[in-house]
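Just so you know, these numbers use all the heavy atoms, side chains as well, and skip hydrogens, waters and symmetry mates.
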Amino acid sequence: MTDIYGYTAAAPLYRAAGWMQVIPLPEGRKTPPPAGFTGRSRKPVTDEQIQLWSQANPNANTGIVIPEGVLVLDIDAAQGHQVKADGVKGISELSQELGMLPATWSSTAHGIDSPARHLFYKVPEGLAWKGGAIEGVDILQPGHRYSVVWPSIHPSGEMYCWYTPSGAFSGTLPHIGDLATLPWKWVDYLRKPDRVSNSTTLTPSYSREYDDRMCKAVNTFLNKTLANPASKGSRHDTTLQAVWALVNFAQEGHRGALDAINQLKPRFIAEVAPDRQGKEREAAREWASILSGAMEKVNGVQSHADPCEQSKIERMTPGEFDELTQNAAASQMEESHPEAVQNTGTMPVQAGSTPVASVQNGSMESHEASKNASSSWQFEDLTQLASGIELPPTPTVFQREDGQGLFYRGAVNDLHGEPGCGKSMIAQIATAQELKADRDVIYIDYEDSARNVVKRLLLLGVSGEQIIGHLHYVRPSAKPSSPTSLGGWRETLDYADTATLAVIDGVTSCLAYAGLDSNSGDDIAAWYNTMPRLISACGPAVVLIDHVVKSKDNRGRYAGGSMQKLALIDGISYSVDMTKPVGKGVRGTIVIKSGKDRISEIEEHCAVSWDSNGSHLREAARIEINSTDPKLMRVTIARPNMMPSEDRQAKRDDFRPTGLMERISRMLEDSLEEPNQSELFKALKEDGSGARTAVMSKAVSLLLQEGFVSNRSGRNNRSIFKSVRPYRQIDDPKSDAYVDRMSREEASELDDENHLEI
């Protein structure tokens, strides 16, 4: 982390560690933050917004808006701060009354020994907090202030740094799960008292009578929401999700959903107004923002038939996927194979069970084999399997240059990694392979747009005719069981009969549209059985694109959310890592590593050993992407590095602080005098470097060894340094910023050609 400077480099690292609301601040300053992204009515920070900020000022300072479940104690020391009281002394006195604060992660720009710092703690969600603990100790909390953090530069010129609970300097970021939990005595002391009178006199009771204007599902959901108005961590977040759900119910045809929204409005305004500076007026604007955001998600024509009056299913149980999806599959079977209904009569499907066109033990069941089955609970005929006639799925999709396939047909596979690591790029490269071979591909996209996907496919050499004839692209904004979606879902299953690949880009968004929780094992299992496995049962390789888990200890092995995701993969699960940047004018590399190979057909073709970091991942392929030609993207899917991995000591010996090396080289190039080591290190500190002395010494040593810098004896026998030739990261093959000269020459030639054309 010593080579990382500025918001552009830091923001993705914080997002990967779970700090999603990362904002830029003026370079070398704490204020002002970007308008609209702090406070109680803050807008969410998106990847697109981060990209815009990064382009505007890549070297900006970095701040994190405090998320729900986290509280920060901002301790000021009397020395160096104009405060009326010493916060360090005050917190010490408070500790005698409430008990010692547990050691936790902290941030400061004043050095390891300074008591003035931000202390980060985990706390219960949904509580209201005071503005400060004691004079000189403020409370940073969701909706109030933010924390300036590494690699920001303090107005004094010092760099902010993270420190571990033991007080040691840290070269890594803390995840929210790494923080110590604030003791209950401190929680009770710091929280605001509940407004019991407000909640009882200003809001309706949730034990309301059945409202005939609303169907059973809406009545159940409204009672549940009113019973626990802060169940999602805060009243704002709970109301936001409730309104979105009710808008979806209205579109699906549920009676009285809009009446339920009207009942939520006065309760929300009455409950949040006391906490808002603008009181009722600000709360009303907040409600209008929530409602307009929900209405923007409406897609398609509203159904006129209330699903509650069509079936007895109770659809408000968390994790339960309603019967409409199964009924759709059953009706599709009836239309395609009416003899199945004649032979078996009705075809009952229980909620949460796999429909008749299902995958069993990883093998694809044909319609013909399924037509006599009336239940998924049925002992199988193992004759063909035991005789070797019917073999498990083989990896034939997404082939390396040696012909080894990397995805299993008839099974669910996944790609997971941090934002921007190239997951979607890999899925689109696999899509391009299949389309070039004139095979059908289904692309279910919750993250991008048809414009961008088609543009990349054209760059990958796919013809327009192949895209039109074989790519079936859909960007849904509702679950398949929605009445407005049933026709499209049925068509998707029809296409799956001939497709070799089906991509679901954005598992988290897909679950959210289905009203399911990505942290619930039951919800994950229900979703797998009613969407990915239903598609894979028709034959294609289903590839899910997902995010990594928040826990650093388990990151890489399985996707974010419930561990049930890894357990339900019946193909192969890959961790994705971009080892060299991919983009216009450069040659990048994306590495995929196997975390779990259920069928074990690919594992033997992976690297011979696991990663040295103990993550139990084995490299499966290196995808080299050459984007130096603006009209064509050249891709090589190479075999993995089959050499045994180096031990950790070797990796430490290979450490190259290339950013610091270039900084030192430039300083010596511009220096009028030859500085000694102390003078050089002092100049680096004054220039804003937060690197440790050992790292600076390593950088100087490498520059000397490789002939970029020379030294000789000066006054008092101290070595003094001067530049021999410039060092630049872009020229260093061992640097992540390396771009070979051929790429630069090609890019330059292309620029010249473009100028000539103009």
statement: Residue set satisfying side chain to side chain donor-acceptor pair (under 3.5 Å) with Tyr446, at least two apart, ordered chain then number -> none
message: Measuring from atom CG of Asp570 to atom OG of Ser536, what distance do you get when rounded to the nearest 0.5 angstrom?
response: 5.5 Å
task: Measure the shortest side-chain to side-chain distance between Arg42 and Pro142 over non-hydrogen atoms and say whether it is less than 4.5 angstrom.
output: yes
message: If I compare all heavy atoms of Ile176 with all of Pro67, which pair ends up nearest, and what's the gap?
response: CD1-CG, 3.8 Å
message: How long is the straight-line distance from CG of Asp497 back to CD1 of Ile535, given to the nearest 0.5 Å?
response: 11.5 Å
- request: Identify the two heavy atoms, one from Glu603 and one from Ser594, that lie closest to each other, and give their separation to 0.1 Å.
  value: OE1-OG, 3.0 Å
field: Separation of Gln21 CD from Thr46 OG1 (nearest 0.5 Å)
entry: 9.5 Å
- request: Specify whether Tyr7 and Trp53 have parallel, tilted or perpendicular ring planes, treating 30° as the upper limit for parallel and 60° as the lower limit for perpendicular.
  value: perpendicular
query: Asp178 versus Leu173: any side-chain heavy-atom pair under 4.5 Å?
result: no
- prompt: Thr500: what forms a side chain to side chain donor-acceptor pair (under 3.5 Å) with it, not counting sequence neighbours?
  reply: Glu434
statement: side-chain contact (heavy atoms from CB on, under 4.5 Å) with Ile426: of Leu415, Leu406, Val543, only one passes, and it is Leu415
Stepwise side-chain contact (heavy atoms from CB on, under 4.5 Å) test for Tyr528 and Leu544: CA-CA 11 Å; Tyr528 262 79; Leu544 311 179; 3.3 Å; yes
Side-chain (Gln428) to main-chain (Val454) donor-acceptor, under 3.5 angstrom: no
query: Taking only residues two or more places apart in sequence or in another chain, which ones pass salt bridge (Lys or Arg N to Asp or Glu O under 4.0 Å) with Arg145?
result: Asp74, Asp138
- prompt: Hey, does Glu447 have a side-chain heavy atom less than 4.5 Å from the side chain of Ser509?
  reply: yes
- prompt: Please walk me through it: do Trp287 and Val243 pass side-chain contact (heavy atoms from CB on, under 4.5 Å)?
  reply: CA-CA 10 Å; Trp287 168 266; Val243 172; 3.8 Å; yes
task: Could you go through the side-chain contact (heavy atoms from CB on, under 4.5 Å) check for Val474 and Tyr495 one step at a time?
output: CA-CA 12 Å; Val474 62; Tyr495 285 141; over 6 Å; no
query: Which distance, rounded to the nearest 0.5 Å, do you find between the SG of Cys421 and the CE of Met578?
result: 6.5 Å
- request: Mind listing the closest non-hydrogen atom pair of Pro532 and Trp527 along with its distance?
  value: CD-O, 3.1 Å
query: Counting only N and O atoms by type, is there a donor-acceptor contact under 3.5 Å from the side chain of Arg409 to the main-chain atoms of Gly539?
result: yes
- prompt: If you measure from CG on Asp414 to CD1 on Ile569, what distance do you get to the nearest 0.5 Å?
  reply: 4.0 Å
- prompt: Between the main-chain N or O of Val576 and the side-chain N or O of His416, is there a donor-acceptor pair closer than 3.5 Å?
  reply: no
message: Please determine whether side-chain contact (heavy atoms from CB on, under 4.5 Å) holds for the pair Thr492 and His472, giving the CA-CA distance in whole Å, both sets of side-chain angles, and the decisive distance to 0.1 Å.
response: CA-CA 8 Å; Thr492 301; His472 309 292; over 6 Å; no
message: With heavy-atom distances below 4.5 Å as the criterion, would you say the side chains of Met531 and Cys510 are in contact?
response: yes
query: Taking the side chain as C-beta and beyond, is there a heavy-atom pair between Pro640 and Arg622 under 4.5 Å?
result: no
message: I want to check something: taking the side chain as every heavy atom from C-beta on, are Val397 and Asn413 in contact at a cut-off of under 4.5 Å?
response: no
statement: Tyr121 and Thr181 have their tightest heavy-atom pair at CD2-C, 4.3 Å
message: Quick one: does any side-chain atom of Asp597 pair with a main-chain N or O of Ile602 as donor and acceptor, under 3.5 Å?
response: yes
- request: May I ask you to test the Arg15-Asp47 pair for a side-chain heavy-atom distance under 4.5 Å?
  value: yes
message: Would you compute the distance between atom CD1 of Ile637 and atom CD1 of Ile590 and round it to the nearest 0.5 angstrom?
response: 10.5 Å
- request: Please name the pair of heavy atoms, one in Ala242 and one in Leu264, separated by the smallest distance, quoted to 0.1 Å.
  value: CB-CD1, 4.1 Å
query: Does the pair Tyr473 and Asp445 meet the rule for a side chain to side chain donor-acceptor pair (under 3.5 Å), with working shown?
result: CA-CA 8 Å; Tyr473 179 92; Asp445 195 353; 2.8 Å; yes
- prompt: Taking the side chain from Trp19 and the backbone from Pro174, do they hold a donor-acceptor pair closer than 3.5 Å?
  reply: yes
field: Sidechain-backbone polar pair: Tyr146 side chain, Ile23 backbone, donor-acceptor under 3.5 Å
entry: no
task: Please name the pair of heavy atoms, one in Pro540 and one in Ala502, separated by the smallest distance, quoted to 0.1 Å.
output: CB-N, 4.2 Å
Non-hydrogen side-chain atoms of Val65 and Val45 separated by less than 4.5 Å: no
query: Between Tyr14 and Trp150, what is the ring plane arrangement, given parallel below 30°, perpendicular above 60°, and tilted in between?
result: tilted
